[in-house]
Student: 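Handing you this structure, nothing more for now.
Just so we're clear, the structure is a prediction, and the values are computed from it rather than from any experiment.
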Amino acid sequence: MRKNFKGIKKKTSVLEMYGHYFAVLLLSGGIAWVVYDIMTNPLHNEFYNRAAFGGSMILLGIMAIVVVIGLVYVSFNLLLDFYHQTKLPLNKEEMEKLNITNPDEYLEFVNNYLPVIIPSTNIQNRIIFTSYLYLYDEDTDEEKEKILQNAFKFSKAPVCIDNYEYIYDFSNKVTVCHDKYFNELTAKLFSNEVYSSVFYEDIETTGEKEC
């Protein structure tokens with residue numbers, strides 16, 4: 001039987017299984033020894049005071065470095081998100097390259113592309129507009145034109161099939177023209193779960209504001 005034991009391969013080590021217990025024992029023993037030394041050798045107090053002061057300074061230094069690194073990381077990602085927002089909304093070719101095939105996938109892309117900030121209302125309107133224009137196939141071009149005209153308003157020109165390029169012109173203001181039609185459009189395009197995770201608001205089903 002004992003000869004057969006030699007054929008069993010080692011899977012782990014005692015240190016891997018019980019290392020944390022050894023660390024706790026060593027730490028506890030070290031603390032106990034320091035307390036004992038302080039009680040029996042008062043002359044060592046100055047050494048321990050200096051060690052404690054030095055340790056606290058090192059700890060404060062580490063904390064300051066962590067805070068600075070955290071602020072730099074957050075600031076970098078914040079600036080990166082603001083830069084990424086300048087690349088939205090996507091055009092049809094960009095959606096095809098990214099293999100975006102439906103409105104929910106578009107919003108999921110936006111959520112990953114802007115992980116820190118919520119898209120501005122200006123960008124949200126353009127994302128919803130292009131979602132319907134390029135990713136919704138259940139309405140005809142005529143139906144799309146009518147719904148977009150009812151839901152949105154361009155500051156430069158009427159919303160019509162000949163002026164859809166204005167959605168990429170940021171000197172052209174895009175606003176919601178009628179809440180009722182806008183809410184019906186968002187409910188048609190997106191699941192509430194994905195919509196709320198990106199824009200941090202639920203899809204409304206009613207509205208009052210008109211042009």
Student: If you count every heavy atom of other residues, nucleotides or ligands that lies below 6.0 Å from Glu193 atom CD, does the total exceed 12?
Tutor: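 Atom CD in Glu193 is not packed in, count stays at 12 or less.
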
Student: Identify the two heavy atoms, one from Gln124 and one from Ile118, that lie closest to each other, and give their separation to 0.1 Å.
Tutor: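 Scanning both residues completely, I find the closest heavy atoms to be NE2-CG2, 4.0 Å.
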
Student: Kindly indicate whether the side chain of His20, heavy atoms from C-beta on, has any atom under 4.5 Å from the side chain of Val24.
Tutor: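 Side-chain contact under 4.5 Å: no.
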
Student: Are the charged groups of Glu184 and Lys180 less than 4.0 angstrom apart, N to O?
Tutor: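 Looking at Glu184 and Lys180, the cut-off is met.
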
Student: So if you build clusters from Ile, Leu, Val, Met, Phe, Trp, Tyr with side-chain heavy-atom gaps below 4.5 Å, do Tyr181 and Val174 land together?
Tutor: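 Cluster IDs for Tyr181 and Val174 differ.
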
Student: Going through the checks in order, is the side-chain contact (heavy atoms from CB on, under 4.5 Å) test met by Phe170 and Ile123?
Tutor: CA-CA 10 Å; Phe170 280 81; Ile123 297 297; 3.6 Å; yes

Student: Could you give the distance from CD1 (Ile167) to CG (Asn91), rounded to the nearest 0.5 Å?
Tutor: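 So the CD1 of Ile167 and the CG of Asn91 are separated by 12.5 Å.
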
Student: Return the minimal non-hydrogen interatomic distance between Glu165 and Asp162, and the atom names on each side.
Tutor: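 So the minimum-distance heavy-atom pair works out to OE1-O, 3.2 Å.
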
Student: Can you measure from CG (Leu90) to CD (Glu96) and round to the nearest 0.5 angstrom?
Tutor: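 So the gap between those two atoms works out to 11.5 Å.
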
Student: Verify the ring-centre separation between Phe129 and Phe154: is it less than 6.0 angstrom?
Tutor: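 They qualify: ring centres under 6.0 Å apart.
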
Student: Going by heavy atoms in the side chains, are Pro158 and Gln149 under 4.5 Å from each other?
Tutor: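 With C-beta onward as the side chain, the pair stays apart.
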
Student: Let me see the working for Tyr106 and Thr130 under side-chain contact (heavy atoms from CB on, under 4.5 Å), right down to the final yes or no.
Tutor: CA-CA 10 Å; Tyr106 190 8; Thr130 52; 3.2 Å; yes

Student: Please name the pair of heavy atoms, one in Leu107 and one in Val194, separated by the smallest distance, quoted to 0.1 Å.
Tutor: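 That would be CB-CG1, 3.6 Å.
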
Student: Could you tell me whether the side chain of Val110 reaches within less than 4.5 Å of the side chain of Pro119, counting heavy atoms only?
Tutor: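 When only atoms from C-beta onward are counted, Val110 and Pro119 do touch, with a gap below 4.5 Å.
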
Student: For Lys156, does the NZ atom sit with more than 12 other heavy atoms under 6.0 Å from it, leaving out its own atoms?
Tutor: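 It does: Lys156 NZ has more than 12 such atoms within range.
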
Student: Show the nearest heavy-atom pair for residues Ser197 and Asn111, with the distance to one decimal.
Tutor: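 Scanning both residues completely, I find the closest heavy atoms to be O-OD1, 3.7 Å.
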
Student: So, Ser28 side chain and Leu25 main chain: donor-acceptor pair closer than 3.5 Å or not?
Tutor: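 Judged by distance alone, no pair lies under 3.5 Å.
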
Student: To the closest 0.5 Å, what do you measure between OH (Tyr136) and CD1 (Ile147)?
Tutor: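 Atom-to-atom, Tyr136:OH and Ile147:CD1 are 7.5 Å apart.
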
Student: Kindly say whether Asp139 contributes a backbone atom to a donor-acceptor pair with the side chain of Lys144 at under 3.5 angstrom?
Tutor: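 No: the side chain of Lys144 does not pair with the backbone of Asp139.
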
Student: Atom CE of residue position Met57 - does it have more than 12 heavy atoms of other residues, nucleotides or ligands inside 6.0 Å?
Tutor: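 For Met57, atom CE is crowded (more than 12 foreign heavy atoms under 6.0 Å).
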
Student: Hey, does the side chain of Asn150 reach the backbone of Lys146 with a donor-acceptor pair shorter than 3.5 angstrom?
Tutor: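 Flag set: sc Asn150 to bb Lys146 pair under 3.5 Å.
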
Student: As an exercise, state the distance from CE of Met95 to OH of Tyr134, rounded to the nearest 0.5 Å.
Tutor: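 Between atom CE of Met95 and atom OH of Tyr134 there are 7.0 Å.
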
Student: Say you draw a straight line from CG of Leu185 to CZ of Phe190; how long is it, rounded to the nearest 0.5 Å?
Tutor: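 Leu185 CG to Phe190 CZ: 7.5 Å, rounded to 0.5 Å.
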
Student: How close do Glu145 and Tyr164 get, counting heavy atoms only, and between which atoms?
Tutor: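 Glu145 and Tyr164 have their closest heavy atoms at CA-OH, 3.2 Å.
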
Student: Should the pair Tyr113 and Phe109 be assigned to parallel (<30°), tilted (30 to 60°) or perpendicular (>60°) ring geometry?
Tutor: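 Judged by the thresholds at 30° and 60°, the geometry between Tyr113 and Phe109 is parallel.
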
Student: Kindly indicate whether the side chain of Pro103, heavy atoms from C-beta on, has any atom under 4.5 Å from the side chain of Lys188.
Tutor: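 The answer is no, as the side chains (C-beta and beyond) never meet within the 4.5 Å cut-off.
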
Student: Determine whether Thr86 and Phe82 satisfy the following criterion, side-chain contact (heavy atoms from CB on, under 4.5 Å), listing intermediate values before the conclusion.
Tutor: CA-CA 7 Å; Thr86 65; Phe82 281 123; over 6 Å; no

Student: Is it true that Val176 and Leu148 fall in one hydrophobic cluster, defined by side-chain heavy atoms closer than 4.5 Å?
Tutor: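 Yes, one cluster joins them.
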
Student: So with a 6.0 Å cut-off around CG of Asn112, is the heavy-atom count from everything else above 12?
Tutor: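 Yes, CG of Asn112 has more than 12 neighbouring heavy atoms, counting only those of other groups under 6.0 Å.
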
Student: For the pair Asn125 (side chain) and Phe152 (backbone), establish whether a donor and an acceptor sit closer than 3.5 Å, ignoring hydrogens and angles.
Tutor: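 The answer is no, because no donor-acceptor pair under 3.5 Å joins these two groups.
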
Student: For the CG atom of Leu114 and the OH atom of Tyr83, what is their distance to the nearest 0.5 Å?
Tutor: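 Going from CG on Leu114 over to OH on Tyr83, the span is 13.0 Å.
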
Student: Where do Asp81 and Ile117 come nearest, in terms of heavy atoms and distance?
Tutor: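 For Asp81 and Ile117, the tightest heavy-atom pair comes out as OD2-N, 3.1 Å.
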
Student: Transitively linked via ILVMFWY side-chain contacts under 4.5 Å: Tyr200 with Val116?
Tutor: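 As far as the 4.5 Å side-chain criterion goes, Val116 and Tyr200 are not connected within one cluster.
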
